Amino acid sequence: GDSVTQMEGPVTLSEEAFLTINCTYTATGYPSLFWYVQYPGEGLQLLLKATKADDKGSNKGFEATYRKETTSFHLEKGSVQVSDSAVYFCALSGPSGGSYIPTFGRGTSLIVHP
Amino acid sequence: KAGVTQTPRYLIKTRGQQVTLSCSPISGHRSVSWYQQTPGQGLQFLFEYFSETQRNKGNFPGRFSGRQFSNSRSEMNVSTLELGDSALYLCASSLGDRSFLSGNTIYFGEGSWLTVV
């Protein structure tokens, strides 16, 4: 079945550092790919998405490019802020054996220090 | 506009009891889906409803059930609670059917924290 693998956390950075959170996936067909963010005590929020190969999703300074050849969707930000501290989830969904059950990674905790 | 609202936010139940969680989607949204989030298993899809019909179901036992009403509000029920059912239960809503398949934006609520003792 489909699966999403994210890098283990926590990722600890200083403010203004460059961020990369790796995400790779296994899926049949051509899934849509997503990054969700969960701030402390809140529900999940859609951060960005890409629906086809080579698409780049972007929002709030975060970017991720749908790489079909490497089955990856790595999240990047050039300069993180303390307010970016949260848990980030990579997810996919798409036609797979007739179903479309969304599949999430286990989440990567990001801690940004001033 | 108001977001996805889930009630109750926190509850404690005893093993063997049952629980009902409620979800009010964003106004105009007709699709509601439910997820279970635990530290051990991460975020797992339970089921999705659109126009009162269950559209898809994840790999959970029959103790987990749900329904959707004509006003798009949804409830999920867990019967014969087990300790392992302790989790954050998230509801999400979106405009159209099979939203994850189409890449539509899905809006999550803050969740209901269930503790089974």
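All chains are named by letter (A, B, ...) in the order of the sequence lines, taking the proteins before the strands, and each is independently numbered beginning at 1. As the structure is a computational prediction, the values presented were derived from the model and not from experiment.
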Take atom [atom1] of [X] as the centre, draw a 6.0 Å sphere, and report whether it contains more than 12 heavy atoms from other residues, nucleotides or ligands.
X	atom1	value
B:Y107	OH	no
B:R9	CZ	yes
A:E8	CD	no
A:E16	CD	no

Polar side-chain atom of A:R106 near backbone of B:G40 as donor-acceptor pair, under 3.5 Å
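Yes, A:R106 side chain to B:G40 backbone: donor-acceptor pair under 3.5 Å.
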Start with the C-alpha gap between B:F108 and A:Y36, add the side-chain angles, then the distance that decides, and say whether side-chain contact (heavy atoms from CB on, under 4.5 Å) holds.
CA-CA 10 Å; B:F108 282 82; A:Y36 281 86; 3.5 Å; yes
Counting C-beta onward and ignoring hydrogens, is there a side-chain heavy-atom pair between A:S93 and B:F45 closer than 4.5 Å?
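No, their side chains stay 4.5 Å or more apart.
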Can you say whether B:L43 sits under 4.5 Å from chain A via the side chain, the backbone, both, or neither, judging by heavy atoms?
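Contact with chain A: backbone and side chain both.
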Could you tell me which portion of B:Q44 (side chain, backbone, both or neither) has an atom closer than 4.5 angstrom to a non-hydrogen atom of chain A?
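Neither the backbone nor the side chain of B:Q44 comes within 4.5 Å of chain A.
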Could you go through A:F104 and B:Q41, starting from their C-alpha distance and side-chain angles, then the distance that decides it, and tell me whether this counts as side-chain contact (heavy atoms from CB on, under 4.5 Å)?
CA-CA 10 Å; A:F104 289 83; B:Q41 298 295 321; over 6 Å; no
Do B:L11 and B:Y35 sit in the same hydrophobic cluster, where Ile, Leu, Val, Met, Phe, Trp and Tyr count as joined when their side-chain heavy atoms come under 4.5 Å apart?
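Different clusters.
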